[in-house]
Amino acid sequence: MIVGVPKEIKEEEYRVGIVPAGVRMMTEKGHRVLIQKDAGEGCRIPDSEYRDAGAEIVESAAELYLRSDMVMKVKEPLKEEYPYLREGLILYAYLHLAPAPELTAALLERGVIGIAYETIQLSDGSLPLLTPMSEVAGRMAVQIGAHYLEKTQGGRGVLLGGVPGVSRGRITILGAGIVGRAAAKIAVGIGAEVHILDVDQRRLLYVDDIFGSRVTTLFSHVDNIRYSVMHSHLVIGAVLIPGARAPRLVTRSMVSEMKHGSVIVDVSIDQGGTCETSKPTSHRHPTYVVDDVIHYCVPNMPGIVARTSTFALGNTTLPYALMLAEYGFSEAVASDPFLAGGVNVYKGKVTHAGVAESLNFEHTALRDLLHG
């Protein structure tokens with residue numbers, strides 16, 4: 001198989017879809033790997049390292065897409081990349097289609113086979129290809145929130161860890177999954193008062209076992225959410241329903257009741273956001289203000305710690321990429337039901353139920369398309 005890895009073009013996105021060690025593993029098994037020129041420069045991986053690992057460096061994205069059987073990248077295609085998409089091309093990336101009807105329509109129109117990292121889910125409910133970036137984003141969320149709480153950034157002027165004789169800042173984390181627990185770890189470490197909410201009692205028990213009295217766990221319902229949000233300096237949105245749009249748990253009225261100069265970091269913005277007032281921003285223009293509350297809603301948070309994120313991501317995406325290259329699409333998804341669950345679109349059909357429901361598109365089971 002010919003595997004292509006383009007340079008990411010999303011604003012301030014510095015990650016790359018594969019590292020040289022991954023290229024070497026691919027080429028040693030007889031596959032060809034095309035790397036777009038300077039694709040790794042954002043995380044300090046020069047073309048020479050890819051070339052030494054056996055890759056071919058190509059000048060343009062157009063050439064790379066045209067020659068590749070599978071394109072392996074980090075973020076979803078942008079409008080400028082739509083013309084490169086074609087029927088039967090395997091696109092293996094973070095797609096986040098639930099809040100993206102235009103992208104979904106483009107993939108369907110062009111007959112792409114779209115495999116989303118974020119919906120490959122194991123039998124225990126874990127999301128192995130989302131986990132490393134969730135760990136990064138969760139840890140970043142607290143340090144970003146702390147930064148925007150500074151008075152010079154327009155914030156309330158609160159030090160989350162407090163000092164002797166002065167109360168600590170309060171953080172509310174909505175969701176006790178990977179992002180939420182990673183955020184809690186950093187929040188506890190800096191000495192903040194931490195509250196974490198979830199609807200899954202098992203997750204709350206797990207958080208309690210890990211952190212004990214250092215974290216207050218609350219069942220997530222509207223009264224607890226409203227009270228926690230109102231009394232917090234930093235609110236972190238960390239709710240995920242695999243493949244589907246994130247639920248809007250924080251209403252506009254709740255935001256209006258928050259402390260002036262407080263901060264919302266909505267990590268769930270990739271899937272539409274946890275707050276009614278959330279809208280996607282960028283690393284270049286990361287924040288906006290609603291009712292004197294600072295909102296940080298950057299969809300590709302891990303992109304600015306690109307080297308750490310790229311190597312962490314490569315550890316988890318490569319095994320499935322090798323499976324697809326070795327066996328081809330049909331045999332690979334037939335042999336691995338978890339990989340099959342990652343297929344969101346297939347040659348003009350939406351094959352992931354969560355995506356279809358979120359966008360009100362017709363759902364067609366992948367097995368019916370492959371064996372019908």
Side-chain angles (χ1 to χ4, degrees), residues 3 5-26 33 35-36 38-46 49-50 53 55 70-76 91-96 115-122 124-144 173 175-187 189 210 236 238 240 242 265 267-271 283 298-325 338-339 341-342:
V3 179
V5 181
K7 183 179 175 66
E8 299 293 328
I9 63 171
K10 192 179 186 76
E11 186 177 297
E12 306 294 333
E13 177 55 72
Y14 301 109
R15 292 171 290 181
V16 63
I18 198 169
V19 299
V23 171
R24 187 169 289 107
M25 291 179 70
M26 284 275 191
V33 181
I35 304 287
Q36 187 178 349
D38 296 330
E41 67 176 2
C43 49
R44 306 294 184 183
I45 304 175
E49 289 191 23
Y50 285 117
M70 175 171 68
V71 168
M72 186 176 178
K73 65 194 306 290
V74 179
K75 294 301 292 180
E76 73 283 352
L91 177 63
Y92 180 49
Y94 286 122
L95 296 179
H96 296 292
I115 304 173
Y117 294 161
E118 71 275 8
T119 62
I120 295 177
Q121 187 170 17
L122 304 185
D124 63 0
S126 63
L127 302 161
L129 278 63
L130 191 60
T131 293
M133 296 304 95
S134 296
E135 286 278 2
V136 171
R139 293 172 189 230
M140 289 179 67
V142 177
Q143 68 183 48
I144 287 168
I173 302 168
I178 301 298
V179 171
R181 294 197 298 270
K185 185 180 298 183
I186 302 303
I210 295 172
I236 296 173
L240 173 70
V265 176
V267 183
S268 301
I269 195 66
D270 263 330
Q271 295 293 125
H283 288 297
V298 178
N300 60 325
M301 289 173 63
I304 56 171
V305 286
R307 190 169 176 89
T308 296
S309 297
T310 290
F311 281 85
L313 182 60
N315 292 338
T316 57
T317 57
L318 183 63
Y320 287 107
L322 284 167
M323 186 185 303
L324 288 161
F338 310 126
L339 177 60

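We number each residue from 1, following the sequence as shown.
- Side chain of S126 to main chain of L122: no donor-acceptor pair is present (N/O by atom type, distance under 3.5 Å, no hydrogens or angles).
- H96 places a side-chain heavy atom less than 4.5 Å from the side chain of K75.
- Within the 4.5 Å cutoff, the side chain of V305 has heavy atoms near those of the V136 side chain.
- To the nearest 0.5 Å, atoms CD1 (I186) and CD1 (I144) are separated by 12.0 Å.
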Apply the test side chain to side chain contact (heavy atoms under 4.5 Å, CB included) to residues F338 and Y320: give CA-CA distance (whole Å), side-chain angles for both, the deciding distance (0.1 Å), then the verdict. CA-CA 10 Å; F338 310 126; Y320 287 107; 4.2 Å; yes
Verdict with reasoning, I45 to R307, per side chain to side chain contact (heavy atoms under 4.5 Å, CB included): CA-CA 9 Å; I45 304 175; R307 190 169 176 89; 3.9 Å; yes
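- Rounding to the nearest 0.5 angstrom, the gap separating the CD atom in E41 from the NZ atom in K7 is 3.5 Å.
- In this structure, OH in Y50 is found 11.5 Å from CD in Q36, a value given to the nearest 0.5 Å.
- The minimum heavy-atom distance linking G180 with A238 is given by the pair N-CB, 3.8 Å.
- M25 CE: 12 or fewer foreign heavy atoms inside a 6.0 Å radius.
- Of the possible donor and acceptor atoms, none in the side chain of R15 sits under 3.5 Å from a partner among the backbone N and O of T310.
- Side-chain contact between V16 and V74 is absent, with no heavy atoms from C-beta onward closer than 4.5 Å.
- Here the closest heavy-atom approach between residue G17 and residue T317 is recorded as O-OG1, 4.4 Å.
- If you take CD on E76 and CD on E8, they are separated by 8.5 Å, rounding to the nearest 0.5 Å.
- Within the model, atoms CZ of R24 and CD of E49 stand 9.0 Å from one another, a figure rounded to the nearest 0.5 Å.
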Quick one: do L339 and I120 satisfy side chain to side chain contact (heavy atoms under 4.5 Å, CB included)? Show the steps, please. CA-CA 6 Å; L339 177 60; I120 295 177; 4.0 Å; yes
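- Looking at every heavy atom in both residues, A321 comes nearest to M70 through O-CE, 3.8 Å.
- With hydrogens and angles ignored, the 3.5 Å screen pairs no side-chain donor or acceptor of S134 with any backbone N or O of I178.
- Closest of all the heavy-atom pairs between V142 and A183 is CG2-O, 3.3 Å.
- The closest side-chain heavy-atom distance from E11 to N300 is not below 4.5 Å.
- Note that CG of L130 is 9.0 Å distant from OG1 of T316, once rounded to the nearest 0.5 Å.
- Looking at every heavy atom in both residues, A325 comes nearest to M26 through CB-SD, 4.2 Å.
- You'll find the side chain of I35 reaches within 4.5 Å of the side chain of I18, heavy atoms only.
- Two residues are said to be in side-chain contact when any heavy atoms from C-beta on lie closer than 4.5 Å; P242 and L127 meet this criterion.
- In this structure the side chain of V179 never reaches within 4.5 angstrom of the side chain of L240, judged on heavy atoms.
- Across all their heavy atoms, E118 and A93 have their closest contact at OE1-O, 4.1 Å.
- Put simply, the side chain of Y94 reaches to within 4.5 Å of the side chain of M133, judged on heavy atoms.
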Using the side chain to side chain contact (heavy atoms under 4.5 Å, CB included) rule, take I304 and V298 through it: C-alpha gap first, then chi angles, then the decisive distance, then the call. CA-CA 11 Å; I304 56 171; V298 178; over 6 Å; no
